[in-house]
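Below is one structure, written out as structure tokens; the observations come after it.
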Amino acid sequence: MRVSSEESDLITRDGGPVRASGALRDKVAIFSDGRCLVSRSHSDDVDVLSVIALARRLGVKTKAPEYVDLGSLRSFYSRDGKGGVWQSASRSANDDTTMQREVQDLLSRAAAAQASDIHIVVEGEAASVRVRVDGELRPMGGGGAGATVHWRADHGRQICMTAYAMAAEGGTADANYDPFSFQAGRIMTGLPEGVQAVRLQFNPVGYSGRHLVMRLLYCGHAAGSSIRDLGFSAAHVETLIEFSEGQTGIVVISGPTGSGKTTTLERLMRRIVEKNPGESILSVEDPPEYRIPGVVQLPVSNMHNDEDRDGAYTEAIAAALRSDPDRIMIGEVRTRAAAHHAFEAAMTGHQVLTTVHANDALGIVPRLLDIGVETYKLRDPSLVSGLVAQRLVRRLCQKCRRQTSISSGDLPADLALRLQRVIEDRPIWLPGAGCPDCRQGYAGRTVVAEIIRPDQKLLDLLCLGERQEALRYWLSSLVGRPFSHHALEKISEGLIDPIQAEYRIGKISI
């Protein structure tokens, strides 16, 4: 049934191969060359999706829908699909170009605010747009100060579909957009200056809604270019450098989503490349977030489901091991098979750097046990050479922060009591009213971390489930410094405020 575009036949016409009622022809037009034109106001109509599925069953290789106005759609049927194809296609292309510009404008405004993510939620009759700046979600401003973007639901759906089409054009998403499925993609071209890629995650929402998260991946970082610039203490930096100079073992960085793990990993990798130009360094990432010169980055992306993604990830790690590497960076260890390959690499003389999701540095070993790593491997300090945990805390604006004291009454009573024991009555700082150089008293974020170079006894205790004994041993015998210690340093220096610190790391205590 497939023919050239010039000879393309309107197969949903009255009496055509694909049966469509008059009402349905006001919603969709399908051609024998696979082109699907859909009315903008019926983008997620169940009948439209059903007739597209019917065309596929009849052997038509349908393409991603093109969304047009009702008048353009009716023009095809009035001409029976002849002679009006190119005119209407041009009109559709103009519509698509306009929507692409709107997506690009949305990204430009988010980049200007140094946002890490854009959240679009389509529900009911409206769509909301929020951006994450310095770790906090806030409404996207639209024009004047304090103004907020308000969209109709159909416009929000069209933005989602256009973003997906931009990813599909670059080959980083499937050809067909499905508003009822979880989908992912990546926009690589037409981006604002300083943004190297935009990662897309599409989620279905109840009652025909849609949720799109657009993560902006920047070429550079506001926090400089070195490990130290991220906010690690001098002792942390010294230990991280020692980790990067190792030749074997696994260094694991942990933290929740959005805690800066990938950025820390990238800084370590850049330093390794700089100091070891003669080494072969490979990474396996899902997908690569930052370009790292000198590292061969193996992407895992555009998988249909978690099972496919895990299989592709494992296959890529195995391929990296067969590619004569000196070091391997694995974006995340989350399955037993991936963990097996990571430890296999470490046991055969390669250094491995990776991340896992764990609450703190001591929680990394139990997490790896849960994933399925054998106990005898986790008890070997020559294999488990470094454990890092981190959070990102909003940094006080140094120009408008305000000085206060613990006894001033500005802090919650229980927090003031705990701080009193360690800071006594020294000055502390809280966010100011805001100024041209900050956002409501904050300017960027900084790392609060804990880092462990484990020994045999600590690993034994963790593998036995003796968490409290392991904590006591780390603090007393290995001079451990948990999150609270690093946070208190930054509170005393006026870099972060204690309320934000507790919000991100939990209760501060010594």
Nearest heavy-atom neighbours spanning Val122 and Ala127: CG2-CB, 4.1 Å
Expected output: side-chain Gln390 to main-chain Gly260 donor-acceptor under 3.5 Å: yes
Under 3.5 Å: donor-acceptor pair, side chain of Lys261, backbone of Thr354: no
Shortest non-hydrogen separation from Ala361 to Glu450 and the atoms involved: N-OE2, 2.9 Å
Side chain to side chain contact (heavy atoms under 4.5 Å, CB included) evaluation trace for Val251 with Gln351: CA-CA 8 Å; Val251 177; Gln351 186 184 48; 4.3 Å; yes
Any side-chain donor near an acceptor of the partner, Thr162 and Glu102, under 3.5 Å: no
More than 12 heavy atoms from other groups under 6.0 Å of CD on Glu493: yes
Side chain Thr348, main chain Ala345, donor-acceptor under 3.5 Å: yes
Closest contact, heavy atoms only, Leu378 versus Cys463: CB-SG, 3.7 Å
Gap between atom OG1 of Thr335 and atom CD1 of Ile317 - 0.5 Å precision: 6.5 Å
Trp429 backbone acceptor or donor facing Asp497 side chain under 3.5 Å: no
Among Arg395, Arg394, Arg439, Arg445, salt bridge (Lys or Arg N to Asp or Glu O under 4.0 Å) partner for Asp134: Arg439
Under 3.5 Å donor-acceptor, Glu123 side chain and Gly206 backbone: no
Closest non-hydrogen atom pair between Arg138 and Val133, with its separation: NH2-O, 3.8 Å
Criterion side chain to side chain contact (heavy atoms under 4.5 Å, CB included) on Leu268 and Leu353, from CA distance to verdict: CA-CA 9 Å; Leu268 283 172; Leu353 295 93; 4.0 Å; yes
Main-chain N/O of Ile508 paired to Arg418 side chain as donor or acceptor, under 3.5 Å: yes
Donor-acceptor under 3.5 Å (Lys490 side chain, Gly231 main chain): yes
Carboxylate-amine/guanidinium contact Arg270 Glu266, below 4.0 Å: yes
Greater than 12 external heavy atoms within 6.0 Å of Phe180's CZ: yes
Enclosure of Arg228 CZ (heavy-atom neighbours >12, cutoff 6.0 Å): no
Sidechain-backbone polar pair: Gln456 side chain, Arg379 backbone, donor-acceptor under 3.5 Å: yes
Distance-only donor-acceptor check, side chains Ser244 and Lys275, under 3.5 Å: no
Non-hydrogen side-chain atoms of Gln440 and Pro431 separated by less than 4.5 Å: no
Point-to-point distance, once rounded to the nearest 0.5 Å, from CG of Asp178 to CD of Gln183: 5.5 Å
Plane angle bin for His211 and His119 - parallel if under 30°, tilted between 30 and 60°, otherwise perpendicular: tilted
Cation-pi, Phe232 ring and Arg267 (6.0 angstrom, 45 degrees): no
Minimum heavy-atom distance between Trp151 and Val129, given as atom pair plus value: CZ3-CG2, 3.4 Å
Check: Ile250 main-chain N/O paired with Ser385 side-chain donor or acceptor under 3.5 Å: yes
Main-chain N/O of Ala112 paired to Gln114 side chain as donor or acceptor, under 3.5 Å: no
Over 12 non-hydrogen atoms of neighbours within 6.0 angstrom of CD in Glu315: no
Check: Arg327 and Asn276 side chains under 4.5 Å, non-hydrogen atoms: yes
From CA spacing to verdict: salt bridge (Lys or Arg N to Asp or Glu O under 4.0 Å), Glu469, Lys457: CA-CA 10 Å; Glu469 185 58 36; Lys457 182 174 180 179; 5.5 Å; no
Contact check, side chains of Gln196 and Leu191, non-hydrogen atoms, under 4.5 Å: no
Sub-4.5 Å side-chain heavy-atom contact between Cys160 and Leu212: yes
Separation of Ile496 CD1 from Leu488 CG (nearest 0.5 Å): 8.5 Å
Ile364 vs Leu368, side chain to side chain contact (heavy atoms under 4.5 Å, CB included): CA-CA, chis, key distance, verdict: CA-CA 6 Å; Ile364 293 173; Leu368 291 172; 4.0 Å; yes
Least distance between heavy atoms, Ile328 atom then Ile330 atom: CG2-CG1, 3.8 Å
Sub-4.5 Å side-chain heavy-atom contact between Thr404 and Ile428: yes
Test item: Lys377 and His340 side chains (from C-beta on) under 4.5 Å apart, heavy atoms: yes
Arg132 side chain near Leu137 side chain, heavy-atom distance below 4.5 Å: yes
4.5 Å side-chain heavy-atom contact, Ser254 and Asp360: no
Asp105 and Arg101 ion-paired at < 4.0 Å: no
Residue Arg402 excluded, over 12 heavy atoms near CZ under 6.0 Å: yes
Point-to-point distance, once rounded to the nearest 0.5 Å, from CD1 of Ile406 to CG of Leu415: 8.5 Å
Side-chain ion pair, Arg291 and Glu285, N-O less than 4.0 Å: no
Candidate pair Thr355 and Thr262, rule side chain to side chain contact (heavy atoms under 4.5 Å, CB included), full reasoning: CA-CA 8 Å; Thr355 72; Thr262 302; 5.7 Å; no
CD on Glu374 to CG on Leu369, rounded to 0.5 Å: 10.0 Å
Distance, nearest 0.5 Å, that separates CD1 of Ile241 from CD1 of Ile272: 11.5 Å
